[in-house]
Protein chains: 2
Amino acid sequence: MALINPTHQEAVTTADKVFEKMQQAIVEGKIIAGSKISEPELAKQYQISRSTLREALNRLEKCHLVERKANVGSRVVECTIEGLLEIYVVREALEGMACRQAAINMTDEDILEMQTMLKQHASSQALQDGVAYYQEEGDLDFHYKVILGSHNQQLINILCGQLYHLVRMYRFQFGMNSPRASRAFDEHSRIIEAIADRDGELAELLMRRHIAASRKNIEKKIAEKNIQQATK
Amino acid sequence: MALINPTHQEAVTTADKVFEKMQQAIVEGKIIAGSKISEPELAKQYQISRSTLREALNRLEKCHLVERKANVGSRVVECTIEGLLEIYVVREALEGMACRQAAINMTDEDILEMQTMLKQHASSQALQDGVAYYQEEGDLDFHYKVILGSHNQQLINILCGQLYHLVRMYRFQFGMNSPRASRAFDEHSRIIEAIADRDGELAELLMRRHIAASRKNIEKKIAEKNIQQATK
DNA sequence: CTAAGTTAAATTGTCGACAATTCTCTGGTT
DNA sequence: AACCAGAGAATTGTCGACAATTTAACTTAG
């Protein structure tokens, strides 16, 4: 899985390593969302000093996984429906623009690589129970490559550096295995086609529709759940 | 000047105060862009310990004003033309979306307040040498209010918390007093009109054109300067 | 004179202790 | 019984010192 972030420089210092461990733990819910973080307790747990832990907390704050208030402490960010929808709105805007830029700035080799990647996903999806795979890793991988293809460092930083892990957290904790996999695949195909045609306007439009469709799908689910609860 | 960020919580701790001072110093170029930051030196300069200074540096890193490499140190971010254009691309996407959301989520009172604010700007602009004023503060103020009007916390965080100070830095250091002030005023008026009409699609379109126009204006200037240099 | 290797200085990362603030629990008053 | 006040405990912010790493300066071989 070539899901490696060029922005992401490998962890050399101990604070980095603890940061990565905590990041994973938060994404997977092992450190539960919304809970308060006790510096002394976690420092003891990870066998490090409080200063080092605070350094790690600062990096978690940078990717919006924890929030801190002065003289009060840090809390893990909460997973709310509103928060999830807000992220989709931001992604629609930013990934749409990234797609437009990718149509301008991606090299022919990059495009070819993405096309072959999509074919691989298609076969492995058809082969076995690939729906989950596709939805989990393949989808992120696709979006990732488009973002990198924009060659816009600001876009890459915001989307891959900050929002990426928040998205992963929501996927993990809300269990996003929606039945949109096959439709998503078609949408991905058309997006790559537009990029290959160097049609930035269409590429942006398609990507925005693609993400908006996911958001509306979630909104629909929520609405259904609310009706269910109201009528019982 | 009601340019207060609700995101921005006032500085209570000393690290916060140093952070704000350094932020201002970087924006104004008193700490020169691209220069390396010496922790011991700055700690002595601000009369604080290195730990506190590092805390401040972490916050500067959060709003992308400094960059840090492990075991090497921190550098003030550089102001490059490419970086400026990248920011405009991100702003076009995000503020466009913020504008669309503002058309949905702003209250009638908020809209009325923005309309009166714009009229004030108009009169004070016509009154005296308001062009600079409008361009410097008024423009930021307008964009600020639209962003807040989106009521999307993610959008607000990214635009007001992170990009805002970078934009200020570029304005200050590149001396953006372009002659687009009067045209910008008309564009602002139309944007508010669209928001008042609750026409999110149009509001987004107009905001994107507004920002794209600024970007193209800069690109044109750069091109002219390059030709000048080439022919002399 | 250049280039590589080695040593010394400087800088960054980490630690434990102290100060300042906040939270909690107890006791008293209306 | 509810609410406010105050002392104690716990937590966060800040400090100075030490360890690890990088940068520089110097020496020496080619």
Side-chain angles (χ1 to χ4, degrees), chain A residues 7-26 30-78 161, chain B residues 7-26 30-78 161:
Chain A
T7 305
H8 175 280
Q9 47 210 4
E10 66 175 323
V12 292
T13 179
T14 57
D16 280 324
K17 291 169 193 164
V18 172
F19 160 65
E20 288 188 354
K21 281 184 193 171
M22 288 186 71
Q23 183 176 251
Q24 194 65 20
I26 290 173
K30 295 191 79 173
I31 301 176
I32 58 178
S35 66
K36 186 174 182 324
I37 287 177
S38 164
E39 290 183 5
E41 185 185 325
L42 273 185
K44 193 160 53 179
Q45 188 172 325
Y46 285 105
Q47 306 269 33
I48 55 176
S49 96
R50 252 186 68 227
S51 316
T52 307
L53 182 84
R54 282 164 69 84
E55 185 67 40
L57 287 179
N58 270 317
R59 279 172 228 190
L60 289 170
E61 215 181 338
K62 268 169 216 159
C63 49
H64 297 203
L65 288 177
V66 312
E67 293 166 343
R68 206 170 61 169
K69 264 196 292 190
N71 286 319
V72 172
S74 309
R75 301 193 81 87
V76 181
V77 76
E78 274 191 273
Chain B
T7 305
H8 175 278
Q9 47 210 3
E10 65 174 323
V12 291
T13 179
T14 56
D16 278 325
K17 290 169 193 163
V18 172
F19 160 66
E20 288 187 353
K21 281 183 193 169
M22 288 186 70
Q23 185 175 249
Q24 194 65 20
I26 289 174
K30 296 191 77 172
I31 301 176
I32 57 178
S35 66
K36 186 171 182 329
I37 288 177
S38 164
E39 290 183 6
E41 186 186 325
L42 273 185
K44 193 160 53 180
Q45 188 173 323
Y46 286 104
Q47 306 269 35
I48 56 177
S49 95
R50 252 187 66 227
S51 315
T52 308
L53 182 83
R54 281 164 70 85
E55 185 68 39
L57 286 179
N58 270 317
R59 279 170 228 189
L60 289 170
E61 216 181 337
K62 267 169 217 158
C63 49
H64 297 203
L65 288 177
V66 313
E67 293 166 344
R68 208 171 61 168
K69 266 196 291 189
N71 285 319
V72 172
S74 307
R75 301 194 79 87
V76 181
V77 78
E78 275 190 273

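Convention: sequence-line order gives letters A, B, ...; per-chain numbering from 1.
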- Item | Sugar-phosphate only, base, or nothing, as touched by B:Thr52 at under 4.0 Å among non-hydrogen atoms | sugar-phosphate

- Task: Check side-chain contact (heavy atoms from CB on, under 4.5 Å) between A:Lys30 and all other residues, then give those that pass, not counting sequence neighbours.
- Result: A:Ala25, A:Glu28

- Message: Suppose we screen for side-chain contact (heavy atoms from CB on, under 4.5 Å). Which residues come up paired with A:Ser74, at least two apart in sequence or across chains?
- Response: A:Ile37, A:Leu57, A:Arg68

- Item | A:Lys69 atom NZ, over 12 foreign heavy atoms within 6.0 Å | no

- Should we say atom NZ of A:Lys62 is surrounded by more than 12 heavy atoms from elsewhere, each under 6.0 Å from it? yes

- Task: Work out which heavy atom in A:Val18 is nearest to a heavy atom in A:Ala56; give both atom names and the distance.
- Result: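 Nearest heavy atoms, A:Val18 then A:Ala56: CG1-CB, 4.1 Å.
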
- B:Arg75 side-chain N/O to B:Gly34 backbone N/O, donor-acceptor pair under 3.5 Å: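 Looks like yes, one N/O pair under 3.5 Å.
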
Short N/O separations, protein against nucleotides 10-13 of chain D, under 3.5 angstrom:
{"residue": "D:dT12", "atom": "OP1", "partner": "A:Lys36", "partner atom": "NZ", "Å": "2.9"}
{"residue": "D:dT12", "atom": "OP1", "partner": "A:Ile37", "partner atom": "O", "Å": "3.4"}
{"residue": "D:dG13", "atom": "OP1", "partner": "A:Asn71", "partner atom": "N", "Å": "3.2"}
{"residue": "D:dG13", "atom": "OP2", "partner": "A:Arg54", "partner atom": "NH1", "Å": "2.5"}
{"residue": "D:dG13", "atom": "OP2", "partner": "A:Arg54", "partner atom": "NH2", "Å": "3.1"}
{"residue": "D:dG13", "atom": "O3'", "partner": "B:Thr13", "partner atom": "OG1", "Å": "2.7"}
{"residue": "D:dG13", "atom": "N7", "partner": "A:Arg50", "partner atom": "NH2", "Å": "2.7"}
{"residue": "D:dG13", "atom": "O6", "partner": "A:Arg50", "partner atom": "NH1", "Å": "3.0"}

Rounded to the nearest Å, what distance is computed from the [atom1] atom of residue [X] to the [atom2] atom of nucleotide [N]?
{"X": "B:Ile48", "N": "D:dC15", "atom1": "CD1", "atom2": "P", "answer": "7 Å"}
{"X": "A:Asn58", "N": "C:dT14", "atom1": "CG", "atom2": "C1'", "answer": "15 Å"}
{"X": "B:Glu55", "N": "D:dC15", "atom1": "CD", "atom2": "P", "answer": "12 Å"}
{"X": "A:Lys17", "N": "C:dT14", "atom1": "NZ", "atom2": "P", "answer": "9 Å"}

